[in-house]
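To start, the structure itself, in structure tokens.
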Amino acid sequence: SIVYLFANSVNGDINILEPSGKIIRSLKIPIYVKKLAAADIDGDGLLEIIAAGALSKPDEEKSGKVLPDEIYVYAVALDGSEKWKYLIGDERYKYVPSMIEIADMGGAGVKEIVLSDTSGHMYILDKDGDLKWHHYLETGEREAAVEVYPRLRRFAEYLASIRKPDGLLPVEDLGLP
């Protein structure tokens with residue numbers, strides 16, 4: 001069945017909705033969600049929700065900049081229980097997540113979480129939330145991108161190939177009980 005996810009960045013609620021708009025379930029996580037994705041990442045046949053955001057609300061109103069405190073990626077089960085969390089960055093930078101996708105980056109049938117932030121950092125996490133790869137795009141280190149670039153390109157081509165005429169990606173068999 002088709003479902004939609006909606007994150008309320010004000011209070012951390014994640015709502016799972018039917019196509020009609022009816023809320024099936026609401027989950028609460030301890031971050032202000034900026035990016036959201038869902039897939040069965042651990043192969044158990046059930047959907048996991050991957051959310052990225054800040055522990056505190058960004059200070060947009062006062063400074064005009066979005067510099068929240070600690071940024072995390074959370075994996076939660078459909079019942080809202082935390083499977084894992086991963087701290088992005090360190091005390092030197094704290095930038096807002098700009099993209100999160102779930103894909104088989106290596107072509108081995110194993111899903112990974114691909115995340116980028118507004119400062120040019122890109123991460124690949126495994127199904128357990130462990131860092132597999134990190135690259136800062138503005139380092140000028142071509143060698144750092146050589147290994148992952150073919151996988152990123154294959155992923156982009158895959159997304160383009162399954163995009164519907166309306167520009168949306170299909171969401172099927174998400175494992176909702």
Side-chain angles (χ1 to χ4, degrees), residues 1-58 60 66-89 94-105 110-132 134 152 155-156 158-160 162-164 166-177:
S1 68
I2 296 174
V3 296
Y4 299 98
L5 298 174
F6 173 76
N8 184 335
S9 62
V10 174
N11 63 13
D13 287 347
I14 298 173
N15 294 316
I16 303 171
L17 301 103
E18 294 177 341
S20 68
K22 178 184 175 197
I23 295 175
I24 300 170
R25 191 173 296 139
S26 287
L27 309 175
K28 185 87 164 161
I29 60 172
I31 59 173
Y32 294 92
V33 177
K34 291 300 287 182
K35 295 296 171 187
L36 193 60
D40 175 10
I41 61 171
D42 59 11
D44 66 359
L46 297 174
L47 177 73
E48 282 82 34
I49 298 173
I50 310 300
L55 284 180
S56 67
K57 189 173 184 180
E60 290 180 272
V66 181
L67 294 174
D69 66 12
E70 295 176 328
I71 305 290
Y72 281 92
V73 178
Y74 272 82
V76 294
L78 290 177
D79 64 5
S81 62
E82 178 184 313
K83 292 197 152 207
W84 53 260
K85 67 181 175 184
Y86 180 81
L87 175 64
I88 299 173
K94 297 169 183 172
Y95 292 92
V96 176
S98 60
M99 181 274 298
I100 190 166
E101 295 293 339
I102 300 169
D104 175 8
M105 296 298 290
V110 177
K111 291 184 180 162
E112 293 129 339
I113 296 92
V114 182
L115 175 81
S116 65
D117 66 26
T118 56
S119 68
H121 289 264
M122 182 171 273
Y123 306 84
I124 297 178
L125 305 175
D126 68 13
K127 66 179 180 64
D128 299 314
D130 295 322
L131 181 67
K132 291 182 69 176
H134 170 248
L152 289 172
F155 177 59
Y158 167 72
L159 290 177
I162 64 169
R163 189 173 51 218
K164 294 180 178 182
D166 62 5
L168 298 175
L169 294 173
V171 181
E172 299 173 4
D173 300 321
L174 293 177
L176 282 174

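Fair warning: this is a prediction, and the values are worked out from it, not measured in the lab.
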Using every non-hydrogen atom in the two residues, find where [X] and [Y] come nearest and quote the distance to one decimal.
| X | Y | answer |
| --- | --- | --- |
| G53 | P97 | N-CG, 4.1 Å |
| I29 | V33 | CD1-CG2, 3.6 Å |
| M105 | E112 | N-OE1, 2.8 Å |

To the nearest 0.5 Å, how far apart are [atom1] in [X] and [atom2] in [Y]?
| X | Y | atom1 | atom2 | result |
| --- | --- | --- | --- | --- |
| I31 | Y72 | CD1 | OH | 10.5 Å |
| M122 | D117 | CE | CG | 9.5 Å |
| L27 | E82 | CG | CD | 12.5 Å |
| Y74 | L36 | OH | CG | 14.5 Å |
| I88 | L115 | CD1 | CG | 4.0 Å |
| I102 | L47 | CD1 | CG | 8.0 Å |

Output all residues satisfying side chain to side chain contact (heavy atoms under 4.5 Å, CB included) with L131, sequence neighbours left out; order by chain, then residue number.
->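 With neighbours one apart ignored, the set is Y86, Y123, L125, H134.
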Contact check, side chains of L78 and I49, non-hydrogen atoms, under 4.5 Å =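 Yes, at least one pair of side-chain atoms sits under 4.5 Å.
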Heavy-atom side-chain proximity of Y32 to I71 below 4.5 angstrom |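 They are not in side-chain contact.
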Under the salt bridge (charged side-chain N to carboxylate O under 4.0 Å, His left out) rule, collect the residues that match up with K83, sequence neighbours excluded.
->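 In terms of salt bridge (charged side-chain N to carboxylate O under 4.0 Å, His left out), with neighbours along the sequence ignored, K83 is linked to D42, D44, E48.
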List in chain and number order the residues that pass salt bridge (charged side-chain N to carboxylate O under 4.0 Å, His left out) with E101, two or more places apart in sequence or in another chain; answer none if no residue qualifies.
->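 None.
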Flag the pair K111 and D104 as a salt bridge only when some basic side-chain nitrogen lies within less than 4.0 angstrom of an acidic carboxylate oxygen.
->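 Salt bridge: no.
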Main-chain N/O of S81 paired to D79 side chain as donor or acceptor, under 3.5 Å =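 Yes: the side chain of D79 pairs with the backbone of S81.
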